[in-house]
Amino acid sequence: MRMKKTFLIFDNDFESENQPLLQDHDTDDEWAQARPSQQFNVVRRVYQQDILNKDADYQVPEKPLRYQCKKVVNSCGFGDCIVNSLPIARWLPRYSLKRDLVGDLVAGATTAVMHIPQGMAYALLAEVPPIVGLYMAFFPVLVYVIFGTSPHVSMGTFAVACLMAGKVVTQHATIHMDLTNSTNSVLSTSTLDGVGYTPLQVLSIVCLAVGIFQILMWVLRLGAVSSLLSEPLVSGFTTAASFHVLASQLKDLFGVKIPKLSGNYKIIFTVIEVSKGLPNLNVAAVVISCITCVVIALNNELLKPWVSKRSRVPVPIELLAIVLGTIVSKFCGLEERYGINLVGNIPTGLPVPQVPPVELLPSIAIDVFTITIVTYTITMSMALIFASKEKYEIDANQELLALGASNVFGSFFCCAPFCASLSRSYIQYQAGSKTCVTSVVSALLILCVLLWVGPFFEQLPRCVLAGIIVVSLKGMFVQVKELPKFWKLSKLDAVVWLVTFLVTVLVNIDIGLGAGLAASVGALFCRAQKPYTCLLGRVLNTDLYLDIKRYRAAEELPGIKIFHYCGGLNFASKNLFRSTLFRKIGYMKPAELSHDEDNNLTRSESYEWDPTIGSRVHCVIVDASALSYVDAPGIKTLVSIHHELVASNITLLLAGANGPVLEMIERYNSLETDRLQLDTFPTVHDAVVYYKVLEAKRHDVTTTVTMT
């Protein structure tokens with residue numbers, strides 16, 4: 001077709017007038033054979049971006065401040081605020097006894113059975129009496145039921161959270177209580193002389209501070225902050241934290257006494273101290289620890305898979321372990337005959353609420369913020385897993401309110417910062433949990449233990465709890481296997497995992513998390529400095545333009561260089577964009593060979609300008625279809641590139657830019673005197689055809705341009 005004022009493009013599509021677009025084909029080969037026959041030509045004009053905007057009636061979306069304020073006011077009525085801030089007001093009226101009650105009862109009872117041994121064991125990680133772990137399974141859980149949006153996560157104690165809280169307790173508690181004390185004052189938060197802080201007081205202010213931070217994050221709508229912790233970072237951090245948990249249990253596993261350790265390099269010093277105490281190890285404690293670990297491990301590896309195929313209620317092996325351990329200890333006199341350390345006094349009833357020592361808040365703020373981010377990230381990760389399986393939404397900001405309110409309430413009852421437990425959550429989900437009533441059932445059963453059953457476990461050996469903790473860490477230990485996966489997917493992700501893991505293990509938890517965050521930010525910067533760029537070539541008889549290094553059928557058009565850039569063009573990447581573009585099109589070429597000191601030929605890593613490029617390249621098209629963002633320095637770089645190419649008699653065109661990028665260029669041109677005056681096109685194909693027509697007119701040749 002002869003090109004006149006309106007240029008046309010001939011193209012192919014997948015549909016035929018005589019044949020439907022979708023057909024049933026038995027194999028992929030049949031479908032591949034059927035596609036070529038389903039084609040017809042599409043004829044349209046060659047569009048420049050401004051003409052397309054006019055024909056398609058383009059307009060910038062406008063949202064006046066008055067409209068936005070009205071929308072906010074209308075959406076924040078009293079009723080809406082109640083429903084949005086109290087999710088229980090949404091799901092409770094729709095609760096079905098027939099559909100949901102049985103599953104919630106079974107799951108609640110199953111979860112409560114797991115809460116008892118895990119709560120008592122993990123409380124020791126926080127350097128407080130075991131009964132505190134049961135308080136965490138009751139007080140804050142009730143508040144989470146009101147504000148939480150995930151019905152399947154099991155909230156309460158979690159090893160990593162308790163360990164991080166225990167680190168703060170060790171640093172700031174000036175009056176260290178004996179956790180095996182048999183007096184009734186074991187849970188007293190008051191000091192004898194009014195000077196110093198007990199572990200329970202420090203723990204309570206840690207919990208309060210975490211709750212305050214989470215509520216502040218909810219007010220500021222910072223629910224997306226959990227995305228700052230990437231999957232490699234979380235995996236490396238939790239794996240390393242499991243080694244800290246293991247090190248903290250060595251003294252109970254071997255029945256040795258070691259001094260309290262704090263500060264950095266805690267794992268190294270703990271191993272050294274335990275090694276010094278091995279000549280005095282308690283053989284009975286070692287035997288009990290080994291029996292506990294072996295029995296629970298065999299149950300998890302052999303019995304649990306067999307039972308799960310026949311019943312959704314698992315064998316409560318941890319509960320059986322502490323019950324049998326308590327009975328054996330009581331009737332065999334393990335403390336008197338073998339010197340086994342016992343859990344000690346477990347008071348009945350509920351604790352009296354007390355105000356945490358708020359004057360400690362400035363001293364623990366940094367550590368508390370770390371705990372805040374970790375507990376929120378772990379909880380959100382678990383909640384999103386189950387939400388994906390059950391097809392419901394999790395409100396990230398509402399979860400901040402739920403966690404914050406729960407921690408603030410629990411702090412008045414000596415609780416540690418609570419978090420979702422990986423193992424309990426999976427058991428609760430598999431047991432048939434339907435709604436948050438599961439957590440209510442679990443909390444009521446824990447209440448029965450607090451009121452009547454608690455003293456039964458006073459004779460429980462601590463080495464049994466240590467064995468339960470160690471075996472429960474298996475899921476985090478095996479995350480080491482994820483390192484080869486990260487290495488194959490991305491070397492940078494593997495580096496983030498290794499940095500986080502090694503620093504956390506060798507130095508400390510909070511420093512390891514900080515190092516992991518720094519490594520993640522560094523990985524993002526490295527990726528931003530290495531965006532995907534390539535030269536595109538046209539596939540014959542199509543309007544497809546593909547990477548010439550990856551597609552052998554794609555061939556460059558004579559005299560035209562099509563540069564594809566994927567990423568953002570901003571102040572940080574502008575120099576990289578400019579140098580990469582010039583290298584790709586041949587404007588900058590490697591320096592010539594030179595002789596080194598030994599008279600050997602070497603090639604310099606530097607580049608030099610090629611002033612003859614104008615004889616080989618006549619047009620450069622920047623494919624901006626993958627350009628996500630551009631700022632003012634980025635546009636200035638485009639202006640500079642345009643001037644340099646024009647000076648070499650090279651035409652520069654811009655194709656495929658999205659609406660926000662074009663709007664940013666328009667705003668820049670309205671404010672600056674040195675404007676970016678480029679012809680823009682909706683597709684690369686439009687730009688190519690347009691340039692060919694310009695070339696034909698420039699040479700005053702009547703030609704036919706057919707791009708089929």
(request) Answer yes or no: does atom NZ of K434 have more than 12 heavy-atom neighbours from other residues, nucleotides or ligands under 6.0 Å? (result) no

(message) Do T111 and S442 pair up side chain to side chain, a donor and an acceptor below 3.5 Å, judged on atom types alone?
(response) no

(request) Mind checking the CZ-NZ spacing from R462 to K251? Nearest 0.5 Å is all I need. (result) 6.0 Å

(request) Working to the nearest 0.5 Å, report the span between CG of L303 and CG of L298. (result) 9.5 Å

(message) Is the shortest side-chain heavy-atom distance between I205 and H172 below 4.5 Å?
(response) no

(request) Could you walk me through whether I258 and F269 pass the side chain to side chain contact (heavy atoms under 4.5 Å, CB included) test, one step at a time? (result) CA-CA 10 Å; I258 63 174; F269 291 140; over 6 Å; no

(message) Return the OG to OH distance between S150 and Y144, rounded to the nearest 0.5 Å.
(response) 5.0 Å

(request) Assert yes or no for the condition that the ring centre distance of Y135 to F413 is strictly below 6.0 Å. (result) no

(message) I'd like to know whether L200 forms a side chain to side chain contact (heavy atoms under 4.5 Å, CB included) with V169, so could you lay out the CA-CA distance, the side-chain angles of the two residues, the decisive distance to 0.1 Å, and finally the verdict.
(response) CA-CA 8 Å; L200 285 172; V169 170; over 6 Å; no

(request) Give the intermediate values and the outcome of side chain to side chain contact (heavy atoms under 4.5 Å, CB included) for residues V449 and H115. (result) CA-CA 11 Å; V449 175; H115 265 302; over 6 Å; no

(message) Quick check: do V160 and M476 have side-chain heavy atoms less than 4.5 Å from each other?
(response) yes

(message) Under a 3.5 Å threshold, yes or no: a donor from one side chain and an acceptor from the other, between S421 and Y122?
(response) no

(message) Tell me whether S433 contacts the main-chain N or O of Y429 through its side chain, where contact means a donor paired with an acceptor under 3.5 Å.
(response) no

(message) How about CZ on F456, more than 12 heavy atoms from neighbouring residues, nucleotides or ligands closer than 6.0 Å, or not?
(response) yes

(request) Count the heavy atoms of every other residue, nucleotide or ligand shown that sit under 6.0 Å from CZ of F477, and state whether that count exceeds 12. (result) yes

(message) Would you say that V202 contacts E127 through its side chain, given a criterion of any heavy-atom pair below 4.5 Å between the two side chains?
(response) no

(message) When you measure from the side chain of T326 to the backbone of Q459, do you find a donor-acceptor pair of N or O atoms at a distance under 3.5 Å?
(response) no

(message) Do V307 and P314 make a side-chain contact, defined as non-hydrogen atoms from C-beta onward lying under 4.5 Å apart?
(response) no

(request) Can you see which heavy atom on L342 is nearest to which on S329, and at what distance? (result) CD2-OG, 3.5 Å

(request) Answer with yes or no whether the side chains of Q118 and T157 bring together a donor and an acceptor at under 3.5 Å. (result) no

(message) My understanding is that only residues two or more places apart in sequence, or in another chain, count here; which of them pass salt bridge (charged side-chain N to carboxylate O under 4.0 Å, His left out) with K474?
(response) E301

(request) Check whether more than 12 heavy atoms from other residues, nucleotides or ligands sit under 6.0 Å from atom CG of L350, and answer yes or no. (result) yes

(request) Provide the closest heavy-atom pair for S439 versus V153 in the form atom of the first, atom of the second, distance. (result) OG-O, 4.5 Å

(request) Scan Q398, M155, M380 and name whichever one has a side-chain contact (heavy atoms from CB on, under 4.5 Å) with L403. (result) M155

(message) Nearest 0.5 angstrom please: C162 SG to L125 CG, how far?
(response) 6.0 Å

(message) Less than 4.5 Å apart, side chain to side chain, heavy atoms only: is that true for Q171 and I364?
(response) no

(request) Begin from the C-alpha positions of V168 and I371 and carry the test side chain to side chain contact (heavy atoms under 4.5 Å, CB included) through to its verdict. (result) CA-CA 10 Å; V168 183; I371 299 173; 4.3 Å; yes

(message) When you compare the side chain of T348 with that of L451, does any pair of heavy atoms fall below 4.5 Å?
(response) no

(message) Testing the basics here: between D104 and V437, what is the closest heavy-atom pair and its distance to 0.1 Å?
(response) OD2-CB, 3.6 Å

(message) Pairing donors with acceptors under 3.5 angstrom, does anything connect the side chains of S204 and Q354?
(response) no

(request) For the pair F386 and H152, name the ring-plane relationship: parallel under 30°, tilted 30 to 60°, perpendicular over 60°. (result) tilted

(request) Can you see which heavy atom on L334 is nearest to which on P461, and at what distance? (result) CD1-CG, 4.0 Å

(message) Under a 3.5 Å distance rule, please check whether E399 uses its side chain to pair with a backbone N or O of Y376 as donor and acceptor.
(response) no

(request) Verify side-chain hydrogen bond (donor to acceptor under 3.5 Å, both in side chains) between S308 and Q430, making sure each step is shown before the conclusion. (result) CA-CA 9 Å; S308 64; Q430 293 171 356; over 6 Å; no

(message) Looking at every heavy atom in both A112 and I446, which two are closest together, and how far apart are they?
(response) O-CD1, 3.8 Å

(request) Could you tell me the separation between the NZ atom of K167 and the NZ atom of K266, rounded to the nearest 0.5 Å? (result) 8.5 Å

(message) What I'd like to find out is whether the side chain of L302 reaches to under 4.5 Å of the side chain of W306, using heavy atoms alone.
(response) no

(request) Please round to the nearest 0.5 Å and tell me the distance separating atom CD1 of I272 and atom CD1 of I267. (result) 12.0 Å

(message) How close do T500 and G236 get, counting heavy atoms only, and between which atoms?
(response) CG2-C, 4.1 Å

(message) Measuring only between side-chain heavy atoms, which start at C-beta, is V283 closer than 4.5 Å to V286?
(response) no

(message) Tell me whether the rings of W497 and F501 are parallel (<30°), tilted (30 to 60°) or perpendicular (>60°).
(response) parallel

(message) With a 3.5 Å distance limit and no angle check, can you tell me whether S425 reaches the backbone of S154 through a side-chain donor-acceptor pair?
(response) yes

